[in-house]
Structures are given as structure tokens and as C-alpha cells.
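Worksheet: one structure, shown below.
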Amino acid sequence: ALSAFMHEDYNFNDPVDREAIAIKLIAKIPTLAALTFRTCMGLPLAYPKKEFSFMKNFLYMMFSNPMEEFNIHDDIVRCMDAIFIVHADHEQNASTSTVRIAGSSL
């Protein structure tokens with residue numbers, strides 16, 4: 001369904017075009033996650049706002065109320081930014097650590 005929003009003519013044999021498509025698709029994941037959450041909770045959809053930062057926009061799409069102005073403390077936005085960065089940068093999960101430790105002790 002997302003391909004319907006990509007009206008540019010892409011050459012799928014060109015690695016640069018494929019990378020551009022991948023970036024656009026990955027960029028849609030927070031919006032899809034928020035829309036899925038709100039749909040499951042029976043809440044009205046909240047579309048992204050271009051004037052918000054990435055994290056503030058994600059929190060807005062998840063937790064805003066259409067009848068009220070969305071206000072969230074900047075500290076919460078910064079903390080969530082840090083949590084997402086730490087989570088994304090955590091390249092070594094528990095099973096990876098176990099295999100590396102067991103392998104290095106042989």
C-alpha cells in the first residue's frame with residue numbers, strides 16, 4: 001500500500017534509487033506504529049505534524065487528544081530521544097553476548 005504514495009519513477013536496478021525507497025519506507029514505521037496503536041485502542045487517528053521533532057511527533061501521534069492542544073514537557077521528549085538512541089545502539093543482545101563469551105573461552 002505504501003507504494004501508492006511513491007509517485008516518482010524509480011529504477012529498481014539502481015542501488016541509489018533502492019536506498020531512497022528503503023529510507024522512505026523505514027521513515028513511515030513510527031507513523032504506522034502510532035496509527036496501529038490508536039486503532040487498537042479505539043482512538044481517533046493523529047497524523048504527523050511537520051513542525052515537531054521526530055520524538056515529539058511520535059509522542060503526539062501516540063498520545064494526543066484531538067480536543068486539546070498537545071503539550072508535553074521538553075524533558076520527556078529528550079529522555080525518550082535518549083532511550084530510543086540507546087535502544088537502537090544496543091547491538092549486542094543477550095544471546096549474542098552468550099555466544100561471544102562461550103566462544104572466547106574455548
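The analysis underlying the following values was restricted to heavy atoms, covering all of them including side chains, and did not include hydrogens, waters or symmetry mates.
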If you link ILVMFWY side chains whenever their heavy atoms are less than 4.5 Å apart, which other residues fall into the same cluster as Leu35? By chain and number, please. Leu45, Tyr47

Enumerate the salt bridge (charged side-chain N to carboxylate O under 4.0 Å, His left out) contacts for residues 47-71, please, sequence neighbours excluded, ordered by first and then second residue. none

Going by side-chain contact (heavy atoms from CB on, under 4.5 Å), name the residues that satisfy it together with Asp17, two or more places apart in sequence or in a different chain. Tyr10, Asn11, Asp14

Closest heavy-atom pair, Pro30 versus Ala27, reported as atoms and distance to 0.1 Å, is CD-O, 3.4 Å

Grab the two heavy atoms, one from Met62 and one from Arg38, that are nearest each other, plus how far apart they are. O-NH1, 3.1 Å

Side-chain heavy atoms of Val77 within contact of Ser53, under 4.5 Å: yes

Roughly how far, to the nearest 0.5 Å, is CG of Leu43 from CG of Asn65? 8.5 Å

Could you list the residues that satisfy ring pair (Phe, Tyr, Trp, His ring centres under 6.0 Å) with Phe70, not counting sequence neighbours? Tyr60

Which residues pass the side-chain hydrogen bond (donor to acceptor under 3.5 Å, both in side chains) test with Asp75, not counting sequence neighbours? Arg78

Quick one: do Met61 and Ile29 end up in the same hydrophobic cluster if we chain Ile, Leu, Val, Met, Phe, Trp and Tyr together by side-chain heavy atoms under 4.5 Å apart? no

The salt bridge (Lys or Arg N to Asp or Glu O under 4.0 Å) partners of Arg18 (sequence neighbours excluded) come to none

Does the side chain of Pro44 come within less than 4.5 Å of Met67's, by heavy atoms? no

